[in-house]
Amino acid sequence: MTKRIAVFPGSFDPFTKGHEDIVKRSLPLFDELIIAIGVNSNKSYMYDTESRLAHINSMFEGEVKIRVEAYTGLTTSFCIKNEARYLLRGLRNTTDFDFEKAIAEMNARVSESLDYKIETVFLITDPHYAAISSSIVRELKKNGGEIGQFVTNEALLIINA
Ligand code: ADP
């Protein structure tokens with residue numbers, strides 16, 4: 001049987017407990033999951049690529065199904081390069097839904113035009129994590145707030161270093 005390979009793309013600036021929950025719950029669905037850190041030269045990040053790679057890797061060290069990679073360019077191209085047929089995304093609320101729906105439709109069209117079918121798989125956020133967003137964590141951090149309840153201890157050690 002062909003391997004079910006999924007890509008979980010995002011900025012992950014930083015990777016939160018909400019992201020972690022989506023990853024853990026998706027693992028039974030796939031044989032391999034690539035956490036793909038988007039690197040867009042037009043965007044400025046609080047945590048650079050190295051820091052994001054390091055803190056996400058530290059969280060999933062023992063998990064054989066997971067690989068963490070940084071990528072530039074189209075998510076579809078990254079999927080094709082890695083033979084992934086699934087995109088994984090999390091849905092927190094209706095704002096996420098509207099945004100994600102448009103992206104999923106675009107990705108489906110782009111991939112079909114390349115004769116490569118990609119299915120986007122959505123997981124609804126656990127209500128416990130629904131209020132967490134990387135942008136709020138960054139805002140807190142900038143203003144000297146405590147971010148420990150939103151990111152894991154492993155990640156915290158690296159992003160606070
Ligand atoms: P992007 O910049 O691509 O939106 P993010 O890092 O903000 O990247 O998010 C990546 C994915 O994780 C998106 O599908 C987003 O909806 C989802 N996500 C973000 N925060 C949470 C959370 N607290 N719980 C579940 N999913 C989340």
Side-chain angles (χ1 to χ4, degrees), residues 5-30 32-60 63 65-79 81-82 84-111 118-142 145-156 158-159:
I5 304 173
V7 166
F8 182 34
S11 309
F12 308 125
D13 186 32
F15 198 93
T16 68
K17 287 184 180 177
H19 296 129
E20 181 192 37
D21 179 59
I22 296 291
V23 165
K24 287 194 167 159
R25 284 165 51 210
S26 78
L27 280 187
L29 304 176
F30 305 114
E32 207 177 307
L33 178 68
I34 306 168
I35 300 174
I37 305 170
V39 180
N40 180 338
S41 51
N42 296 319
K43 244 177 152 176
S44 62
Y45 301 100
M46 182 162 202
Y47 300 102
D48 63 18
T49 310
E50 291 310 308
S51 166
R52 285 182 285 156
L53 274 167
H55 79 258
I56 301 171
N57 266 318
S58 76
M59 297 173 61
F60 299 108
E63 185 45 76
K65 279 186 178 182
I66 298 180
R67 201 148 42 92
V68 187
E69 284 196 27
Y71 78 105
T72 54
L74 287 179
T75 306
T76 309
S77 310
F78 182 78
C79 289
K81 201 176 94 196
N82 287 282
R85 296 280 180 176
Y86 303 95
L87 272 171
L88 173 68
R89 297 287 283 179
L91 291 179
R92 286 166 291 186
N93 47 44
T94 52
T95 311
D96 272 359
F97 175 81
D98 288 337
F99 179 72
E100 295 293 341
K101 182 173 181 289
I103 298 189
E105 283 169 7
M106 277 296 291
N107 279 327
R109 283 203 203 172
V110 171
S111 62
I118 297 177
E119 205 64 75
T120 304
V121 175
F122 295 105
L123 292 187
I124 300 285
T125 308
D126 180 326
H128 192 65
Y129 302 110
I132 305 177
S133 73
S134 297
S135 59
I136 292 176
V137 173
R138 289 196 299 274
E139 209 51 43
L140 263 177
K141 177 79 181 160
K142 268 187 214 149
E146 184 46 62
I147 62 168
Q149 58 175 309
F150 305 117
V151 300
T152 66
N153 292 337
E154 296 98 316
L156 199 61
I158 293 176
I159 64 185

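Values below: all heavy atoms of this structure, side chains included; hydrogens, waters and symmetry mates excluded. Order of appearance sets the numbers: ligands from 1, and atoms from 1 within every ligand.
Under the salt bridge (charged side-chain N to carboxylate O under 4.0 Å, His left out) criterion, Glu32 pairs with Lys3, Arg67, not counting sequence neighbours. Listed by chain and residue number, nothing satisfies the salt bridge (charged side-chain N to carboxylate O under 4.0 Å, His left out) test with Lys81 (two or more places apart in sequence, or in another chain).
Among residues at least two apart or in separate chains, side-chain hydrogen bond (donor to acceptor under 3.5 Å, both in side chains) pairs with a member in residues 33-54 are Ser11-Lys43.
Using a 4.0 Å heavy-atom criterion, the residues that approach ligand 1 are Phe8, Pro9, Gly10, Ser11, Phe12, Gly18, His19, Ile22, Lys43, Arg89, Gly90, Arg92, Asp96, Glu100, Thr125, Tyr129, Ile132.
Listed for the Lys65 side chain is a donor-acceptor partner under 3.5 Å among the backbone atoms of Phe30.
Separation of atoms OG1 (Thr125) and CG (Asn93) is listed at 7.5 Å; rounding is to 0.5 Å. Note that CZ of Phe122 is 9.5 Å distant from CG of Asp96, once rounded to the nearest 0.5 Å.
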